[in-house]
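Lettering follows sequence order; numbering is per chain, from 1.
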There are 2 protein chains.
Amino acid sequence: MLQPLVKSLIAAELRVLEEHGISMWSYVVLSALDDSPIRTQAALAEAIGADKTRIISTLDRLQEAGLISREPDPEDRRARLLAITQDGRSARRAAQADIRANEERVLAALSAADRQAFLRAAQALSAMPHEEIVG
Amino acid sequence: MLQPLVKSLIAAELRVLEEHGISMWSYVVLSALDDSPIRTQAALAEAIGADKTRIISTLDRLQEAGLISREPDPEDRRARLLAITQDGRSARRAAQADIRANEERVLAALSAADRQAFLRAAQALSAMPHEEIVG
DNA sequence: TATTGTTATACTCTATAACTATA
DNA sequence: TATAGTTATAGAGTATAACAATA
C-alpha cells in the first residue's frame, strides 16, 4: 500500500529537484554534507547507502557547479575532504523547502489528528533497524 | 523518511517470497489473478503497471510450475486466457499470510491508536491520484 | 602491502523495435 | 491492416574488478 504512495512522492520530489536543476543523487549528497563535512568519499558513500564508484560522477558535477568543495586531505593525500559550499547550502535548502511544501500540501488531505499520528508512526517505524523489519 | 521504511518492508517481503520460492513479479501476477481471471497478457501487464514484454518470462515460469493456466482464447486465438490454478492460489495465500504476519509484527511497535491512525492515513494518502501528489 | 579514489567492465532490469500468428 | 504475443536489441542504472596514486 505504501509503495505507490512513496513512488508518487519520489516523482513529486524529482519534479521539484528538476526545477532546481539538481539530481536525486546530488540532493542526497548535498543533504548529507549539509549536516557535516565528511573526510572520505567512501564514508560519504556509506552514509548515503550508495556504492563508492556510483557517486563519483555526482561529485564531479557538484564540484564543477561549485556546490561542494573537494580537496585532498593535506594529512593524507589519498583522501578527499568533502564539504558543502554556501551556494550548495542555499541550493539544498531551497529545494528542501519546496519539497516540504509539497509534502505539506499532500498531508493536508488528512485530519490534524491523523496527520500527527501518521508522522509519529512513520517516524517510529523508520527508526526501527532494517534487520528488525526484515526479521 | 518513508523511503527506507518501504525499502526494508520490500526486503522483508522478498525474503518471505524467497522462502516460498516465488519472485516479486510472480507474486504480483498471482495476486492480480487471484482477484479475477484476465483475458489478455497486455491487460494483465497494464493492471500491474508493467510492460507487456516484461511479464512473459514470469508467466512462463508460473505456467511451468502449474501456478497459472494460460490458454489461447477459443474465440480469438491471438489472446491468452490467464487464470490462477488451485496450486497458485494456495501458494499466493500462504505467501500473503506470511507477509502479513511480518507486517503485523512490525506494526506492533506502535500503540493501538497510532497504528489505527497510521493505517487509516496511509490508506487515504494511497488513494490520492498520482497526479495530485506530484502536483 | 594496504588504502583511497578512479576507470573499465559486466550484469541486471527495463523499454523499444522487429517479428510471428492470428484476425 | 490491425492486434496479441514473442523475441531481439538497446539503454539506464548498478555493482565488480582492475588500476593509479599515496601511505
Checking A:Arg92 side chain against A:Leu67 main chain: does a donor-acceptor pair fall under 3.5 Å?
no
Quick check for you: among C:dG5, D:dG5, D:dA17, whose closest atom lies nearest to any side-chain atom of A:Thr53?
D:dA17
Can you tell which of A:Arg80, A:Glu46, A:Arg70 makes a side-chain hydrogen bond (donor to acceptor under 3.5 Å, both in side chains) with A:Gln41?
A:Arg70
Measure the distance from CD1 on A:Ile55 to C1' on C:dT4 and round it to the nearest whole Å.
12 Å
CD-NE2 distance between A:Glu18 and A:His20, expressed to the nearest 0.5 angstrom:
11.5 Å
Whole-Å distance between D:dA4 P and B:Glu75 CD?
15 Å
Would you kindly give the CD1-to-C1' distance between A:Ile56 and D:dA17, to the nearest whole Å?
14 Å
Examine D:dT3: is either OP1 or OP2 under 4.0 Å from a nitrogen or oxygen in the side chain of B:Arg39? Give yes or no.
no
Nearest-neighbour nucleotide for the B:Asp51 side chain, D:dT22, C:dA15, D:dT6 considered:
C:dA15
I want to verify a distance call: between C:dT4, C:dA21, D:dG5, whose nearest atom is closest to the B:Gln41 side chain?
D:dG5
For A:Asp76, which contact category applies under a 4.0 Å heavy-atom criterion: base, sugar-phosphate, or nothing?
sugar-phosphate
side-chain N/O B:Trp25 vs C:dT12 OP1/OP2, d < 4.0 Å:
no
Looking only at the side chain of A:Arg78 (C-beta and beyond, no hydrogens), which of the listed nucleotides C:dT6, C:dA2, C:dA23 gets closest?
C:dA2
From the list D:dG5, C:dA17, C:dG5, which nucleotide is the closest neighbour of the side chain of A:Arg80?
C:dG5
Separation of D:dT6 atom P from B:Arg61 atom CZ, nearest Å, is 13 Å
Whole-Å distance between C:dT4 P and A:Leu59 CG?
16 Å
When the distance from CE of B:Met24 to P of C:dT14 is rounded to whole Å, what number comes out?
11 Å
What is the distance, to the nearest angstrom, from the CZ atom on B:Arg70 to the C1' atom on D:dA4?
12 Å
So, does A:Arg54 get its side chain near the phosphate of D:dA15, meaning an N or O under 4.0 Å from OP1 or OP2?
yes
Which listed nucleotide (C:dT14, D:dT7, C:dT4) is nearest to the side chain of A:Ala79?
C:dT4
Looking only at heavy atoms, which two atoms of A:Ile22 and A:Ser26 are closest? And how far apart?
CB-CB, 4.2 Å
Spacing between B:Ile38 atom CD1 and D:dA4 atom C1', to the nearest angstrom:
15 Å
Quick one: closest heavy-atom pair of B:Leu33 and B:Ile84, and the distance?
O-CG2, 3.8 Å
Tell me which nucleotide among C:dT22, D:dT6, D:dA23 gets nearest to the side chain of A:Arg77.
D:dA23
